[in-house]
Amino acid sequence: MEFVLYEVKDAVGVITINREKALNALNSQVLDELNATLDAVDLDAVRCLILTGAGEKSFVAGADIGEMSTLTKAEGEAFGKKGNDVFLKLEKFPIPVIAAVNGFALGGGCEISMSCDIRICSDNAMFGQPEVGLGITPGFGGTQRLARLVGAGMAKQLIYTARNIKAAEAYRIGLVNQVVSAELNEAGEVVKSAKDALMDAAFKMAAGIAVQAPIAVRNCKKAINEGLQVSIDEGVAIEEKLFGDCFETEDQKAGMGNFLKKKDDPTKVKVVTFVNK
Ligand code: DAK
């Protein structure tokens with residue numbers, strides 16, 4: 001693939017949008033390659049994904065304005081559908097996806113990060129939905145997902161004013177879970193860049209997810225995502241069903257068995273290796 005890299009380390013898959021010259025802007029080819037990469041993830045081996053952008057400066061600076069500028073109405077709809085299909089695939093992806101936001105996350109960049117389960121960012125990150133300044137509405141789910149994440153009032157303010165916000169503000173309004181800075185030594189020299197520190201933090205979080213019972217984690221994702229679309233009564237019914245399903249897994253028996261063994265003899269078993277069954 002030309003614009004998307006994929007590597008697996010332990011049980012964590014890292015997808016890197018690799019179009020640094022255009023600040024990782026999303027053109028049709030990037031979207032197609034992302035789609036194919038997601039289809040190829042080995043769900044037996046990988047328990048968490050990290051999505052990031054190549055380089056230090058930009059996660060994704062939006063949909064490709066050059067490509068969009070000449071679209072007809074029909075082509076615009078087709079481009080929107082291509083993006084939305086990938087974004088929905090990410091959102092509904094069976095395992096958790098962490099967006100490691102290294103720099104600009106504007107327009108489609110902010111939107112793709114919001115399709116992920118969790119966002120962590122470097123302190124040079126910048127989020128925004130600048131579309132109304134380009135004469136369009138956010139087209140990859142921004143009006144829907146931003147309002148769900150930060151509330152309608154804050155989402156409307158950001159979208160109507162097209163104002164970009166820095167990492168600290170994104171953290172304050174709940175758009176990101178964590179902000180990561182470069183590591184400095186006592187002399188104030190950078191010993192670990194913000195990007196490296198961000199990737200370390202993303203791996204640490206991903207590893208913390210990857211050691212948990214994988215089917216239980218997947219069911220939690222499903223319960224939260226599906227529950228948010230329905231009434232509380234329906235949401236609780238979804239949760240009940242997914243909770244019940246866990247009792248058909250080996251991992252439930254191993255997890256609870258381990259706890260009970262530890263109670264009998266704390267020296268006996270400390271770590272469960274879940275088998276994803
Ligand atoms: N598209 C294409 N190229 C981009 C780009 C983008 N979004 N953002 C940056 N680039 C390219 C620049 O053109 C430049 O290329 P060269 O000139 O070197 O060939 C290169 O990346 C470096 O950018 P700059 O020279 O501008 O770098 P600066 O540091 O000066 O500025 C910046 C960085 C991020 C502030 C600036 O590049 C910028 O403002 N970029 C545009 C950000 C933006 O407005 N993003 C939102 C795009 S709109 C829909 C589907 C999707 C969408 C809407 C509807 N439907 C079809 C339903 C989504 C829309 C969007 O995402």
Side-chain angles (χ1 to χ4, degrees), residues 1-8 12-42 46 48-72 74-93 95-122 124-131 133-134 136-146 164 195 198-199 202 206:
M1 291 199 190
E2 189 181 357
F3 293 137
V4 174
L5 308 175
Y6 181 60
E7 57 181 334
V8 178
V12 178
V14 182
I15 299 177
T16 304
I17 299 173
N18 185 33
R19 198 181 168 222
E20 208 177 333
K21 276 189 189 156
L23 302 185
N24 304 318
L26 302 172
N27 63 11
S28 299
Q29 189 179 338
V30 174
L31 293 171
D32 285 338
E33 291 185 11
L34 271 175
N35 195 32
T37 303
L38 290 172
D39 285 345
V41 172
D42 177 357
V46 176
C48 187
L49 285 179
I50 297 172
L51 176 70
T52 193
E56 298 268 340
K57 182 173 171 179
S58 180
F59 171 68
V60 170
D64 191 298
I65 299 173
E67 182 175 334
M68 279 193 298
S69 63
T70 55
L71 297 182
T72 62
E75 288 166 341
E77 280 175 18
F79 183 67
K81 176 160 175 21
K82 195 187 277 279
N84 278 326
D85 285 351
V86 176
F87 287 29
L88 281 169
K89 191 173 278 188
L90 264 178
E91 187 166 66
K92 294 181 182 171
F93 207 65
I95 56 175
V97 186
I98 298 170
V101 178
N102 53 308
F104 294 115
L106 303 177
C110 186
E111 289 168 308
I112 199 168
S113 80
M114 293 191 292
S115 299
C116 300
D117 296 273
I118 294 165
R119 283 148 295 288
I120 63 179
C121 71
S122 50
N124 67 330
M126 172 95 75
F127 293 81
Q129 297 290 162
E131 285 86 348
L134 296 166
I136 55 175
T137 57
F140 288 155
T143 57
Q144 303 307 302
R145 293 194 180 95
L146 189 59
N164 295 338
K195 173 73 188 281
L198 171 68
M199 292 313 289

Could you work out, with side chain to side chain donor-acceptor pair (under 3.5 Å) as the rule, every residue matching [X], not counting sequence neighbours?
| X | value |
| --- | --- |
| Glu2 | Gln29 |
| Asn35 | Lys89 |
| Thr52 | Asn102 |
| Gln129 | Glu131 |

message: For a side-chain contact (heavy atoms from CB on, under 4.5 Å) check, start with the C-alpha distance between Val41 and Tyr6, then their side-chain angles and the critical distance, and finish with the verdict.
response: CA-CA 9 Å; Val41 172; Tyr6 181 60; 3.7 Å; yes
Test side chain to side chain contact (heavy atoms under 4.5 Å, CB included) applied to [X] - qualifying residues, sequence neighbours left out:
| X | answer |
| --- | --- |
| Ser28 | Glu67, Phe79, Lys82 |
| Ala105 | Phe59, Val101, Phe127 |
| Val12 | Ile50, Phe203, Ala206 |

- request: Assess whether side-chain contact (heavy atoms from CB on, under 4.5 Å) is satisfied between Leu38 and Leu49, documenting all intermediate values.
  value: CA-CA 10 Å; Leu38 290 172; Leu49 285 179; 3.9 Å; yes
Under the salt bridge (charged side-chain N to carboxylate O under 4.0 Å, His left out) test, residues paired with [X] that sit two or more places apart:
| X | result |
| --- | --- |
| Glu33 | none |
| Glu75 | none |
| Lys57 | none |
| Asp42 | none |

- prompt: Checking Asn24 side chain against Ser58 main chain: does a donor-acceptor pair fall under 3.5 Å?
  reply: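 Yes.
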Taking all heavy atoms of [X] and all of [Y], pick out the closest pair and write down the distance.
| X | Y | value |
| --- | --- | --- |
| Glu111 | Phe140 | OE2-N, 3.0 Å |
| Ile65 | Leu134 | CD1-CD1, 4.2 Å |
| Gly53 | Lys195 | O-NZ, 2.9 Å |
| Ile98 | Cys48 | CD1-SG, 3.9 Å |
| Met114 | Arg119 | CA-NH1, 3.5 Å |
| Val46 | Ile95 | O-CD1, 3.6 Å |

query: Roughly how far, to the nearest 0.5 Å, is CG of Asp32 from OG1 of Thr37?
result: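 Reported value, rounded in 0.5 Å steps: 10.5 Å.
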task: Could you grab the distance from atom OG of Ser113 to atom CG of Leu146, nearest 0.5 Å is fine?
output: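 The OG atom of Ser113 sits 9.0 Å away from the CG atom of Leu146.
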- prompt: Given the rule in the side-chain contact (heavy atoms from CB on, under 4.5 Å) test, do Phe87 and Arg145 qualify, once you have shown the distances and angles that lead to the verdict?
  reply: CA-CA 11 Å; Phe87 287 29; Arg145 293 194 180 95; 4.1 Å; yes
field: Verdict with supporting geometry, Leu51 and Leu34, side-chain contact (heavy atoms from CB on, under 4.5 Å)
entry: CA-CA 10 Å; Leu51 176 70; Leu34 271 175; 4.2 Å; yes
Name the atoms and distances for all side-chain donor-acceptor pairs under 3.5 Å in residues 14-22, with sequence neighbours left out.
from, atom 1, to, atom 2, distance (Å)
Arg19, NH1, Ala25, O, 3.0
Arg19, NH1, Asp64, OD2, 2.7
Arg19, NH2, Asp64, OD2, 2.9

